[in-house]
Amino acid sequence: MPNGFNGSKADWLRVEAPLLRVDPMLQTFVAEHGLSLSKNYHDWPERSLKWNTGIERLIQLYLEDSHRVTFNLWLCASQDRSGARYWRREFLLKDTKLDDVVGRLPSLLEDAYSTVNSWTTDGLEFAK
């Protein structure tokens with residue numbers, strides 16, 4: 001991912017298609033919770049739901065495997081203190097086809113939101 005997606009336009013359309021199908025759910029979720037939504041950071045198929053409460057909070061759905069078209073749902077909270085970053089992160093889903101979870105995506109997003117919001121500064125560790 002550091003250099004973005006390296007496939008053809010047809011490959012891009014194939015791997016981003018599952019995200020396009022869930023975009024309406026993501027847009028509804030961010031509107032209900034007052035979050036921001038960004039897409040395809042660093043030219044990689046992904047969706048990032050972000051908010052800040054003194055801690056930067058993120059729910060990110062991103063392409064894990066371009067051949068099998070599987071995705072991860074990653075949760076992260078971070079805070080910069082005196083030039084050092086502290087964070088907490090975990091995966092809610094790993095290497096999963098979106099079609100397998102699309103029906104429960106709204107409840108997964110609610111779980112992700114509750115989890116990330118529950119993390120406090122005391123629970124953040126130094127990001128090495």
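Quick note: numbers below take in every heavy atom, side chains included, and nothing from hydrogens, waters or symmetry partners.
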Engineer: Would you say E46's side chain and N40's backbone share a donor-acceptor pair under 3.5 angstrom?
Structural biologist: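 Yes; at least one donor-acceptor contact below 3.5 Å.
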Engineer: Is the shortest side-chain heavy-atom distance between S36 and W51 below 4.5 Å?
Structural biologist: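 No, every pair of side-chain atoms sits at 4.5 Å or beyond.
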Engineer: Out of curiosity, L109 CG to R104 CZ, how far, rounded to the nearest 0.5 Å?
Structural biologist: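 So the gap between those two atoms works out to 11.0 Å.
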Engineer: Using a strict threshold of under 4.0 Å (side-chain N to carboxylate O), is an ion pair present between E16 and R47?
Structural biologist: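 Yes, charged N to carboxylate O under 4.0 Å.
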Engineer: Which side chain to side chain donor-acceptor pair (under 3.5 Å) pairs, counting each pair once, include a residue from residues 105-114, with sequence neighbours left out?
Structural biologist: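 Listed by first then second residue: H33-E110, Y113-N117.
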Engineer: Are L13 and L98 grouped together when hydrophobic residues (ILVMFWY) are joined by side-chain heavy atoms under 4.5 angstrom apart?
Structural biologist: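 Yes, because L13 and L98 connect within a single hydrophobic cluster, where side-chain heavy atoms sit under 4.5 Å apart.
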Engineer: Using only heavy-atom distances, determine whether the side chains of D95 and T70 contain a donor-acceptor pair under 3.5 Å.
Structural biologist: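 The criterion, which ignores hydrogens and geometry beyond distance, is satisfied for T70 and D95.
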Engineer: Given the rule that I, L, V, M, F, W and Y join up when any side-chain heavy atoms are under 4.5 Å apart, are L58 and L124 in one cluster?
Structural biologist: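 No.
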Engineer: Taking the side chain from S118 and the backbone from V116, do they hold a donor-acceptor pair closer than 3.5 Å?
Structural biologist: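 Not at all, since once roles are kept as given, no pair shorter than 3.5 Å links the two residues.
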Engineer: Below 4.5 Å, heavy atoms only, C-beta onward: do L19 and L63 meet side chain to side chain?
Structural biologist: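 L19 does not reach L63 side chain to side chain.
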Engineer: First locate atom CG of L61, then atom CG of L93, and finally report the distance between them rounded to the nearest 0.5 Å.
Structural biologist: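 Rounded to the nearest 0.5 Å, the CG-CG separation comes to 8.0 Å.
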Engineer: Judged by atom type as modelled, is there a donor-acceptor pair below 3.5 Å linking the side chain of R68 to the main-chain atoms of T96?
Structural biologist: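 No, because the side chain of R68 does not come within donor-acceptor range (under 3.5 Å) of the backbone of T96.
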Engineer: With the 4.5 Å side-chain cut-off for hydrophobic clustering, are F29 and M25 part of the same group?
Structural biologist: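 As far as the 4.5 Å side-chain criterion goes, M25 and F29 are connected within one cluster.
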Engineer: Could you tell me whether R14 atom CZ has more than 12 heavy atoms of other residues or ligands within 6.0 Å of it?
Structural biologist: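 More than 12 within 6.0 Å, yes.
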Engineer: Would you kindly check if the NZ (Lys) or CZ (Arg) of R81 is within the cone defined by 45 degrees around the ring axis of Y86 and under 6.0 Å from the six-membered ring centre?
Structural biologist: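 Yes; both conditions hold, so R81 lies above the ring face of Y86.
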Engineer: So which heavy atom on G123 is nearest to which on R88, and how close?
Structural biologist: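 Minimum heavy-atom separation between G123 and R88: O-CD, 3.8 Å.
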Engineer: Starting from I59, can I reach I55 by hopping between I/L/V/M/F/W/Y residues whose side chains sit under 4.5 Å apart?
Structural biologist: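 Shared cluster, no.
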Engineer: Taking C-beta and beyond as the side chain, do D99 and R21 meet within less than 4.5 Å on heavy atoms?
Structural biologist: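 Touching, per the 4.5 Å side-chain cut-off.
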Engineer: Looking only at side chains, do S78 and E56 share a donor and an acceptor under 3.5 Å apart?
Structural biologist: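 Distance-only check fails for S78 and E56.
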Engineer: With a 4.5 Å cut-off on side-chain heavy-atom distances among I, L, V, M, F, W and Y, is there a chain of contacts connecting V102 to L73?
Structural biologist: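 V102 clusters together with L73.
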Engineer: Taking the six-membered ring for Trp, are W87 and W74 parallel (under 30°), tilted (30 to 60°) or perpendicular (over 60°)?
Structural biologist: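 Ring orientation, 0 to 90° scale: perpendicular.
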